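Have a look at the structure below, then the notes.
No experiment lies behind these values; they were computed from the predicted model shown. All values below were derived from every heavy atom in this structure, side-chain atoms included, with hydrogens, water molecules and symmetry-related copies excluded.
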Amino acid sequence: MNFTRGELLSEAICFALGKCKIHGRKGVLTDSDRQEVAKTVIEYLRKHGDRWDLDAQVEVPIRPTWDWSPHGK
């Protein structure tokens, strides 16, 4: 599957914010809140010089290439 670096970064930001709690407010960030934060970060990075080449296409394997088994088998 092909994604841009910006799309992958945005998904990673959303995932990282999944368990963040908001001070003074019950619960956690909603999915739309997380997406808005990720979108804002990507826009900020693009605005201040895209040295990360966020629009470059990268290929992401469907299956992970690492071994999840506890004993490495």
So, do Asp55 and Arg5 sit near enough that their side-chain heavy atoms are less than 4.5 Å apart? no

Would you say Thr40's side chain and Glu36's backbone share a donor-acceptor pair under 3.5 angstrom? yes

Could you measure the distance from the CD1 atom of Ile42 to the CD1 atom of Ile13? Nearest 0.5 Å is fine. 4.5 Å

Between OG on residue Ser32 and NZ on residue Lys39, distance to nearest 0.5 Å: 12.0 Å

Working to the nearest 0.5 angstrom, can you tell me the gap between Leu9 CG and Glu11 CD? 10.0 Å

Hey, what do you get for CG (Leu29) to CD (Gln35), rounding to the nearest 0.5 Å? 11.5 Å

What is the minimum heavy-atom distance between Gln57 and Asn2, and which atoms define it? OE1-CB, 3.5 Å

Determine whether Phe15 and Val37 fall in the same hydrophobic cluster, where Ile, Leu, Val, Met, Phe, Trp and Tyr are linked whenever their side-chain heavy atoms lie under 4.5 Å apart. no

